[in-house]
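Notes follow the structure.
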2 protein chains.
Amino acid sequence: MVTIKDVAREAKVSVATVSRVLNDSGPVSDDTRRLISEVAHRMRYVPHSGARSLITSKTQTLGVLLPDLYGEFFSEVIRGMDNTAQRNGFHLLISRSYADKSGIETAMRAMRGRVDGVVAMSPDIDAESLLNLPSTIPVVLLCSVSRGHEVDSLTIQNCRGAREMVRHLVSLGHTRIAIIKGSAGNYDAAERLRGYRMALREAGIVPDPPLEQSGNFTEAGGYAATIDLLALRERPTAIFAANDSMAIGALSALRESGVQVPEEMAVAGFDDIPLARFMDPPLSSVHVPICELGARAVELLLHGVTHKNDHARRRERVSTELVIRRSTGAEPAERSPPRTFKRETVSV
Amino acid sequence: MVTIKDVAREAKVSVATVSRVLNDSGPVSDDTRRLISEVAHRMRYVPHSGARSLITSKTQTLGVLLPDLYGEFFSEVIRGMDNTAQRNGFHLLISRSYADKSGIETAMRAMRGRVDGVVAMSPDIDAESLLNLPSTIPVVLLCSVSRGHEVDSLTIQNCRGAREMVRHLVSLGHTRIAIIKGSAGNYDAAERLRGYRMALREAGIVPDPPLEQSGNFTEAGGYAATIDLLALRERPTAIFAANDSMAIGALSALRESGVQVPEEMAVAGFDDIPLARFMDPPLSSVHVPICELGARAVELLLHGVTHKNDHARRRERVSTELVIRRSTGAEPAERSPPRTFKRETVSV
DNA sequence: GCCCTCTATGTAAACGATTACATATTTACG
DNA sequence: CGTAAATATGTAATCGTTTACATAGAGGGC
């Protein structure tokens with residue numbers, strides 16, 4: 001592997017001069033500059049980023065710590081991160097880890113010396129307090145709260161979004177509104193549940209415990225919970241699932257049981273994944289700008305990185321938006337499927 | 001930031017001894033070992049991976065070069081890669097780049113010194129020949145062919161999968177079978193088209209040019225192509241879309257036009273993304289083990305990394321599997337939706 | 001008691017870059 | 001023409017590790 005020394009020797013100059021040419025730093029005569037460029041190119045010299053970052057103590061890389069999550073969310077959040085990272089000349093070092101203490105700690109240790117900052121996502125509430133690392137590098141917490149810890153955090157407007165969706169169901173005349181909850185111990189799940197309860201209380205509806213079915217953010221969970229709801233003596237007339245995957249499972253269960261949506265049962269989800277609009281009937285959901293979520297997280301992190309982390313800690317939330325389609329029975333706000341798509345979707 | 005020197009000074013030993021304790025290399029007395037461990041822990045010392053990899057010339061990191069792709073495929077392939085990478089103590093440095101020459105080259109340059117090998121995905125056929133880098137590091141090409149270049153490659157059994165699906169449509173009695181093609185210049189798209197034509201020829205069906213609609217792997221593309229197909233004087237009775245996204249777009253168009261699936265029109269896709277089974281009717285598709293694809297790519301790469309790349313170049317393909325559901329009209333091979341799911345699907 | 005082999009530890013040279021400082025050469029100007 | 005300033009280049013320290021080699025003491029066999 002050819003190094004800067006090889007280039008220097010070949011061009012009969014010192015490594016310092018070569019470095020100056022490569023980084024366009026310091027004065028170099030035009031002749032030398034041309035010579036060195038030519039030699040470097042001819043020898044196919046490529047700088048060793050590792051060595052460079054050792055001396056400059058800048059890696060131009062951001063670490064991303066993710067829980068083991070699937071699907072659309074995962075890819076969208078990474079896309080958002082990579083977009084802004086790349087725009088600022090940074091790379092992404094991605095690491096999925098179990099959300100337990102040792103998992104996160106191991107991952108964080110491994111990142112030392114290879115990244116300039118870390119975006120950590122650990123929606124599992126119990127694991128959140130484990131970030132008391134000696135992390136002298138900037139950290140942004142995604143979709144989780146940090147009590148007491150000196151880190152920036154970015155979350156979704158879960159509570160408000162859920163509240164608005166349930167309020168919408170209420171406005172359609174529903175009074176028996178069920179919820180399929182998210183995973184236990186999950187921050188987003190807890191917040192969405194809070195929004196649901198808040199909306200019911202505001203509407204003067206007395207909560208009915210059996211209408212709060214537990215789920216785990218999976219299609220299977222939504223399916224099972226729906227079966228249970230259908231078995232109730234007093235069926236609900238509307239189901240609010242804490243995410244779209246569960247809502248999709250619910251739709252399947254209802255279709256199988258011959259229950260008409262939205263006539264006999266309204267269904268709503270959360271996240272507004274791209275496929276929500278392609279369901280039959282198209283699924284009403286709370287839109288979460290996942291890509292922007294990732295982008296904003298990196299923006300916050302980059303600010304911390306360039307300003308040496310000496311700013312006041314920030315807590316931001318990205319706002320959600322109600323997307324009403326046919327599954328809740330209201331007049332479709334958008335033609336489904338729309339002839340024009342907001343975004344190209346390429347897979348494979 | 002505390003370094004190994006700080007630990008050495010504090011423990012009143014040399015850095016060599018500290019290093020030996022940390023890496024469990026060379027002989028150290030039990031007393032010293034205990035002392036150093038204690039001091040390192042107390043000072044919250046974390047080794048600097050960058051410095052370490054400079055001297056050992058091992059980064060324990062693999063680069064992943066991806067085109068700008070969306071959705072399920074993206075996340076699944078990364079999951080597969082990360083699984084096996086992590087199992088072998090490696091990290092993933094992910095970089096999305098445009099598939100043009102300068103894009104790939106820039107990305108490859110940036111990887112020098114930070115990774116031990118690279119998995120590069122560039123299904124765009126034109127861009128494929130651009131990998132003539134001085135890449136002295138191992139490279140595995142994913143979903144694309146390399147002619148002449150000394151790299152391992154891993155592809156999907158596109159042709160065979162498409163052929164089997166079309167053959168299945170033929171077996172159901174269809175003779176006017178349309179295809180919605182993938183993006184022009186895309187390797188997977190070309191291969192799937194080849195399989196389609198091959199199956200038709202084998203069945204003695206004369207190809208009808210208007211039945212080969214172009215598409216771009218997006219739902220919108222599938223939607224538009226289907227509208228065009230419905231406008232034909234002689235409509236097809238079956239549509240084979242080169243991926244599921246387009247098939248989903250097709251289903252939407254058919255639903256809107258009041259065309260019954262599968263009675264009036266059979267529809268099949270490719271990839272078998274998780275949502276295929278949740279469509280109405282559930283979508284028949286060619287299953288691609290995306291996660292395994294990523295896993296295998298990393299396996300191949302790791303082999304190259306540990307064996308210093310001195311093996312004969314390999315070309316592998318992962319095999320596909322026909323998954324027949326209701327959209328092609330055959331008796332469903334699996335209950336839809338199944339009560340048990342193969343895999344948990346967690347998003348948010 | 002001598003020499004050899006272990007074991008435990010330290011010293012210092014890498015790894016591949018950047019950069020402060022020193023030095024040499026040229027230019028400018030009174 | 002002499003000297004200061006500007007320009008061009010080289011020397012060597014540095015980043016935080018690992019590791020080959022050197023050294024020193026302990027133990028053992030004869």
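Source: prediction; values computed, not measured. Values below: all heavy atoms of this structure, side chains included; hydrogens, waters and symmetry mates excluded. Chain A is the first sequence line, chain B the second, and so forth, proteins listed ahead of strands; every chain is numbered from 1.
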Open item on the list: Please check: side-chain N/O of Asn186(B) versus main-chain N/O of Asp188(B), any donor-acceptor pairing under 3.5 Å?
Closed with: yes
Task: Closest-nucleotide ordering on DNA chain D, the 5'-leading residue of Gly50(B) and Ser25(B) - done: Gly50(B)
Open item on the list: Go nucleotide by nucleotide along DNA chain C from the 5' end; which of Thr56(B) and Pro27(B) gets its closest nucleotide reached first?
Closed with: Pro27(B)
Open item on the list: Can you list, in residue-number order, the parts of residues 8-22 of chain A that come under 4.0 Å of DNA chain C, counting heavy atoms only?
Closed with: Ala16(A), Ser19(A)
Open item on the list: Do Phe74(A) and Leu66(A) make a side-chain contact, defined as non-hydrogen atoms from C-beta onward lying under 4.5 Å apart?
Closed with: yes
Task: Test side chain to side chain contact (heavy atoms under 4.5 Å, CB included) applied to Tyr45(B) and Val7(B), Asp6(B), Val18(B), the passing residue - done: Val7(B)
Task: Contact residues, residues 31-43 of chain B to DNA chain C [heavy atom, < 4.0 Å] - done: Thr32(B)
TODO: Whole angstrom is fine here: how far is it from NE2 in His48(A) over to C1' in dC15(C)?
DONE: 8 Å
Open item on the list: So does Ser153(A) get a backbone contact from the side chain of Arg315(A), meaning a donor-acceptor N/O pair under 3.5 Å?
Closed with: no
Open item on the list: Please list all pairs meeting salt bridge (charged side-chain N to carboxylate O under 4.0 Å, His left out) that have one or both residues in residues 14-27 of chain A, counting only residues at least two apart or in different chains.
Closed with: Asp24(A)-Arg33(A)
Task: Under 3.5 Å side-chain donor-acceptor pair for Ser14(B) and Thr17(B) - done: yes
- [ ] Verify, without hydrogens or angle tests, whether Asp116(B) (side chain) and Gln60(B) (backbone) share a donor-acceptor contact under 3.5 angstrom.
- [x] yes
TODO: Look at Arg42(B) together with Glu38(B) and state whether they make a salt bridge at an N to O cut-off of under 4.0 Å.
DONE: yes
Task: Pair Ser29(A), Thr32(A): side-chain N/O donor-acceptor within cut-off below 3.5 Å - done: yes
Open item on the list: I'd like the 5' and 3' limits of the part of DNA chain D contacted by chain B, with heavy-atom contacts below 4.0 Å.
Closed with: dG16(D) to dT19(D)
Open item on the list: Just to verify, what does His41(B) make a ring-ring contact (aromatic ring centres under 6.0 Å, His included) with, not counting sequence neighbours?
Closed with: none
TODO: For the pair Ser144(A) (side chain) and Leu142(A) (backbone), establish whether a donor and an acceptor sit closer than 3.5 Å, ignoring hydrogens and angles.
DONE: yes
Open item on the list: Strictly distance-based, threshold 3.5 Å: is any side-chain N or O of Thr155(B) a donor or acceptor partner for the main-chain N or O of Arg317(B)?
Closed with: no
Task: Leu54(A) CG to dA17(C) P, straight-line distance once rounded to whole Å - done: 12 Å
Task: Bend angle of the helix from dG1(C)-dC30(D) to dG30(C)-dC1(D), from helix axes over five pairs at each end, nearest 10° - done: 60°
TODO: State, with a plain yes or no, whether a side-chain heavy atom of Leu302(B) is found less than 4.5 Å away from one of Leu62(B).
DONE: yes
- [ ] Round to a whole Å and report the spacing from NZ of Lys5(B) to C1' of dT11(C).
- [x] 13 Å
